[in-house]
2 protein chains.
Amino acid sequence: MKNATDLFFDAFANRNRFNILMQLKNKEMCAGDLQQTLGVEQTNLSHDLKCLLNCKFISVRKEGRKRVYRINNETKELVDEVVKHVKNYETYLKKCGILKEEKNGRI
Amino acid sequence: MKNATDLFFDAFANRNRFNILMQLKNKEMCAGDLQQTLGVEQTNLSHDLKCLLNCKFISVRKEGRKRVYRINNETKELVDEVVKHVKNYETYLKKCGILKEEKNGRI
DNA sequence: TTTATATATGATAAAAATTTCATATAATGA
DNA sequence: TCATTATATGAAATTTTTATCATATATAAA
């Protein structure tokens with residue numbers, strides 16, 4: 001059974017969703033803008049936005065036929081913390097053989 | 001291709017590995033203690049400890065035939081941040097239908 | 001009121017992560 | 001040295017996550 005922490009990581013610790021949060025750190029954006037900037041599939045993005053919305057990591061408002069997304073403040077801070085940590089540990093992370101990187105070149 | 005952030009989440013955002021970090025926040029522990037406290041498989045734990053070590057989220061020293069693990073300070077702080085965030089968003093996380101919780105009871 | 005644009009939904013396919021299993025190594029004490 | 005305890009390793013099986021596909025809805029403009 002999943003606990004709140006598991007659910008948190010499921011939502012937050014995902015490449016595509018985290019990239020969305022990184023973009024929204026700088027400015028509000030509609031789905032179309034995000035799609036272009038991140039170069040992701042439309043349906044994929046839509047699924048991810050819904051997840052982030054459900055978890056209240058972001059909010060949305062309508063503007064014409066577009067939907068404009070915005071990151072919430074607490075989430076923005078946490079994103080910054082993670083970015084900082086990644087920078088500090090980058091060297092070691094890239095060497096950690098347990099993670100998938102290692103498997104490349106072994107096929 | 002994976003970047004440093006992906007690798008970070010692979011290592012950090014995992015139920016078992018995060019539980020290990022949570023335990024080590026309070027005190028140093030050897031593998032056997034962790035196994036008992038967390039109720040996990042021995043080999044599984046060993047894999048996870050190696051991952052955390054490689055990433056330098058924890059360190060280890062020998063003591064007789066045991067190995068005593070310790071969390072590093074920066075990682076401890078990040079764990080605290082996450083715990084705080086989870087507490088704040090718990091309600092929404094549990095309602096997010098995208099995450100697996102929803103699938104239970106559907107089979 | 002038909003068409004085009006912007007975005008959402010649900011089911012399945014594909015890829016990746018986690019667990020399990022069989023076995024290895026390392027240190028200590030008898 | 002041999003047995004025992006503590007922990008580690010690598011590969012295969014299982015489970016979960018992510019991507020894709022086919023299609024739906026909602027808004028606005030023609």
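Sequence lines set the chain letters: A, B, ... in the order given, protein chains first and strands last, and positions in each chain run from 1.
Between B:Lys66 and B:Asp33 there is no salt bridge, since no side-chain N of the basic residue sits under 4.0 Å from a carboxylate O of the acidic one. In summary, B:Glu90 and B:Lys94 engage in a salt bridge, as defined by a charged side-chain N under 4.0 Å from a carboxylate O.
Candidate nucleotides D:dA26, D:dT18, C:dA8 were compared by shortest atom distance to the side chain of A:Lys62, and D:dA26 ranks first. In this structure, the nucleotide among D:dA8, C:dT18, C:dT20 sitting nearest to the side chain of B:His47 is C:dT20. Nearest nucleotide to the side chain of B:Arg65, out of D:dA6, C:dA8, C:dT20: D:dA6. Of the candidate nucleotides D:dT17, D:dA8, C:dT18, C:dT18 has the atom nearest to the side chain of B:Arg17.
Of the residues in residues 20-32 of chain B, none lies under 4.0 Å from DNA chain C by heavy-atom distance.
Rounded to an integer number of Å, the gap from B:Asn54 CG to D:dA8 P is 11 Å. Between the CG atom of A:Leu38 and the C1' atom of D:dT18 there is a distance of 16 Å, rounded to whole Å. Per the geometry, CG belonging to B:Asp6 stands 17 Å off P belonging to C:dA15, to the nearest Å. Residue B:Leu45 contributes atom CG, which lies 11 Å from atom C1' of D:dA6 at whole-angstrom precision. The distance between atom CD of B:Gln36 and atom C1' of D:dT5, rounded to the nearest whole Å, is 14 Å.
Of the two residues contacting DNA chain D, namely B:Gln35 and A:Asn44, the nearest-nucleotide position lying further toward the 5' end is that of B:Gln35. The residue among A:Ala13 and A:Glu63 whose nearest nucleotide of DNA chain D is located toward the 5' end is A:Ala13.
Residue A:Tyr69 is in sugar-phosphate contact alone, with no base atom involved, counting any heavy-atom pair closer than 4.0 Å across all strands shown.
For A:Glu74, the side-chain hydrogen bond (donor to acceptor under 3.5 Å, both in side chains) partners are B:Tyr89, not counting sequence neighbours.
Evaluation of atom-type donor-acceptor distances gives no pair under 3.5 Å for the side chain of A:Gln42 against the base of C:dA6.
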